[in-house]
Structure formats: C-alpha cells, structure tokens
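Below, read A as the first sequence line, B as the second, and so on, with proteins coming before strands; counting in each chain starts at 1.
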Protein chains: 2
Amino acid sequence: MLSKKTKYAFHALTYLGKQQEKTPVLISEVAEKTKVPKKFLESILLDLKKAGILTSKMGKGGGYYLLKDPEDVKLADVIRMFNGPIALLPCVSLNYYEPCDECVSEETCGLNRIMIEVRDETLKIVANKSLKDILLAEK
Amino acid sequence: MLSKKTKYAFHALTYLGKQQEKTPVLISEVAEKTKVPKKFLESILLDLKKAGILTSKMGKGGGYYLLKDPEDVKLADVIRMFNGPIALLPCVSLNYYEPCDECVSEETCGLNRIMIEVRDETLKIVANKSLKDILLAEK
DNA sequence: ATTTATTCTACCGATTTAATAGATTATAGC
DNA sequence: GCTATAATCTATTAAATCGGTAGAATAAAT
C-alpha cells in the first residue's frame, strides 16, 4: 500500500495543478484544502521542489507552485520518491535492485519470474500516467 | 514490497511442494533448508494451516505437509494473508476496502481510477498464478 | 511414561512512519 | 533599514509495524 506521505504528495500536487495561474500558493492553504498536517506537508513540498517538480518563493507573496508540466510528472516518479520501489521484491526492482539474501539463484527462483511480470504490468501504467491524467479525471 | 514473512511463506510452501511423498516434514528441516528462522517459521506454517493450505501432525513422526493442490494455492491468497491488501490504496481494495479519510469523493478522485487499473492488472497475474507455477519454474 | 514435535501465549528490540516544535533565512513593501 | 511574511532547516517525539525470541502447554507415537 502507498504510505500516507505518498498520498499526501499526490493530493498536494493535484491541488497545485488545479491552480489556473502559476502564482505561489501558501503551504498553509495547501495544508488546509488537502487536509494534510501542515508541518508534514512542508517536508513533502520541499522534496518535490528538490526533485524539480515544484518550485517556491520565500517571503511575502511567496509559496509553492508547479514547475514541471503536469504531463511530465509521472506517477512512478512520485511513488518512487515517497514510497520506494514499485516492484514487490528487491531482486526485481529496476531502481532499487538488491539480491535476495535467502535466494540461491534468481534464474531458478520461481517467484522472481512472476514478480517481474507484476512489475512490468504495474510500470506500464504508473510510468505512463501522469499528474495530467489525475487532473483530467478530477475535472 | 513484500514483507519477509510473505517471502518466507513462499519459500516454505515451495519447499513443501517439492516433496514427492505427502509425508510430514519437520519445521526444523524446513527452517534449515529455506534459511527461515525456526520460531518465526512456526507462526507462518500455523497460519498456512489455519488457512487450509497445509496440515500437520503432532508428536513423533509429525510435521507439516501440503494439503491443497498446488494449483489451488494462488499467489494472491498468500500475499493477502501475510502482506495484506494487493491494492495500493485502501479505497480500491477488494478484500480490505476502507474509504480514504482525506478524499472528498471516490468518483471525483483521479488517483482512485488509476489505482483500480493497477489493482486489476496485478490481480490478473497473482490471482491466476499458483504455487504450481512456482514449482514448474524452479524445476 | 517418555520422547518428539506442534501449538499457544507473551514479549522484545529495531526500524519506519507520521507528526510536531522551534529557530533560521530569504523576500517584499513601507 | 525595519517589519511582516513565509519558506527552510534541525531536532525531537509518538505510534505503529516488522522481525524475531522464549518458554510453557498440548498432542501423538512407541
């Protein structure tokens, strides 16, 4: 399951994505409207900024706003950033690969093969769908 | 990601499934061969017994052995039992459904729709593949 | 009765997740 | 340059989950 942090990130992105003007929105406004604890949201927005998805302005009139085109914010990016691997086993993860310490060999591991299938089918969706798709569905 | 407990369950099932005779196998043997901590394995095997997948005999000559046909032990059953929901959000889970407390409405939630897709694609695989498939792949 | 092996009850430590508090730094406007 | 504003940084805490352990109780075979 996705962590709360991941869901919060999606909610915040959706809220900012819905904004007409690309003018800064206060953290506290995002927090209120998305019902995400403000202090927790702060760190999430900061991570999204570091990832180049959002940007911000400090001081009066400041706040956060979307930097990337919603189409370029793939669900997979957000999930990986806040939730970790998309694969169900470390030994089939593309971005967080680790061998399974219990497994003798990946070639002969029956679970491995199937989990590669699951990973690929999941990726087909989350690596192609983007914030844009979420926004369209919400309209 | 799947928890260690879930992986351990698969390893134990695979080991028991490979057995020719349906004769009881000691917990300690399974523990040794699959490299799963014995005490931890105990509770896993017990759960699998309660689910009707394995059965056991107590006392001398006792141990665990497969009860169900490997074809009838779907990956989804094992994952749900030890790892919880297969869906990535509680609001799209078939077996563990819960409304998202932050969400206003599931109809208008853009994430909801996409996560239903992911769930269905994942289920297509794990609800159809079984222990039998793992055993065939390991041969 | 003794040995063997599962079953049951309870607990523990480490890690992760979720959230909070307070000080600091950057910016706008007067 | 002062003040108000708002993001940023550092640190701590509370709660939940995960992985694992210990020991007593129960059941069965010989």
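As a whole-Å value, the separation of A:His11 NE2 from C:dA18 P is 14 Å. B:Asn83 has its CG atom 13 Å from the P atom of D:dT17, to the nearest Å. Nucleotide C:dT16 holds its P atom 18 Å from the CZ atom of A:Phe82, rounded to whole Å. Atom-to-atom, CD1 of A:Ile44 to C1' of D:dC9 comes out at 16 Å; the value is rounded to the nearest Å. Nucleotide D:dT21 holds its P atom 12 Å from the CG atom of B:Leu41, rounded to whole Å. Between the C1' atom of C:dT25 and the NZ atom of A:Lys49 lies a distance of 12 Å, rounded to the nearest Å. Going from atom NZ of B:Lys35 over to atom P of D:dG19 covers 19 Å, rounded to whole Å. In this entry the distance linking CD1 of A:Ile27 with P of C:dA26 reads 16 Å, nearest Å.
Comparing atom distances between the B:Glu42 side chain and each of D:dA7, C:dC8, D:dT21 picks out C:dC8 as nearest. Relative to the side chain of A:Pro37, the nucleotides C:dT20, C:dT6, D:dT21 differ in distance, and C:dT20 lies closest. In this structure, of C:dT20, C:dT6, D:dT21, it is D:dT21 that holds the atom nearest to the side chain of B:Phe40. For B:Lys39, the listed nucleotide lying nearest its side chain is C:dC8; candidates were C:dC8, C:dT6, D:dC9. Checking D:dA6, D:dC9, D:dA28 against every side-chain atom of B:Met58, the shortest atom distance belongs to D:dA28.
In terms of position on DNA chain C, the residue among A:Leu2 and A:Lys60 whose nearest nucleotide sits closer to the 5' end is A:Leu2. DNA chain C is contacted by both B:Leu46 and A:Ser3; B:Leu46 maps to the nucleotide lying nearer its 5′ end (nearest heavy atom per residue).
With values rounded to the nearest 0.5 angstrom, B:Lys5 atom NZ is found 11.0 Å from B:Leu41 atom CG. We find the CZ-SG distance between B:Phe10 and A:Cys109 to be 10.5 Å, quoted to the nearest 0.5 Å.
Side-chain contact check for A:Ser56 and A:Lys49: at least one donor-acceptor pair (N or O, by modelled atom type) lies under 3.5 Å.
Scanning atom types as modelled, no donor and acceptor separated by under 3.5 angstrom connect the side chain of B:Lys4 and the base of D:dG20. You won't find any donor-acceptor pair under 3.5 Å spanning the side chain of B:Lys5 and the base of D:dG20, going by distance alone.
Under a 4.0 Å N-O distance rule, the pair B:Lys124/A:Glu121 does not qualify as a salt bridge. With respect to the salt-bridge test (charged N to carboxylate O, under 4.0 angstrom), the residues B:Lys129 and A:Glu117 qualify.
No side-chain heavy atom of A:Thr34 sits less than 4.5 Å from a side-chain heavy atom of A:Tyr8.
At least one side-chain nitrogen or oxygen of A:Tyr8 sits closer than 4.0 Å to the OP1 or OP2 atom of C:dA19. For A:Lys57 and C:dA28, the shortest distance from a side-chain N or O to OP1 or OP2 is below 4.0 Å.
Among the heavy atoms of the strands, none lies under 4.0 Å from B:Lys38. Residue B:Leu45 is out of contact with every strand shown, counting any heavy-atom pair closer than 4.0 Å.
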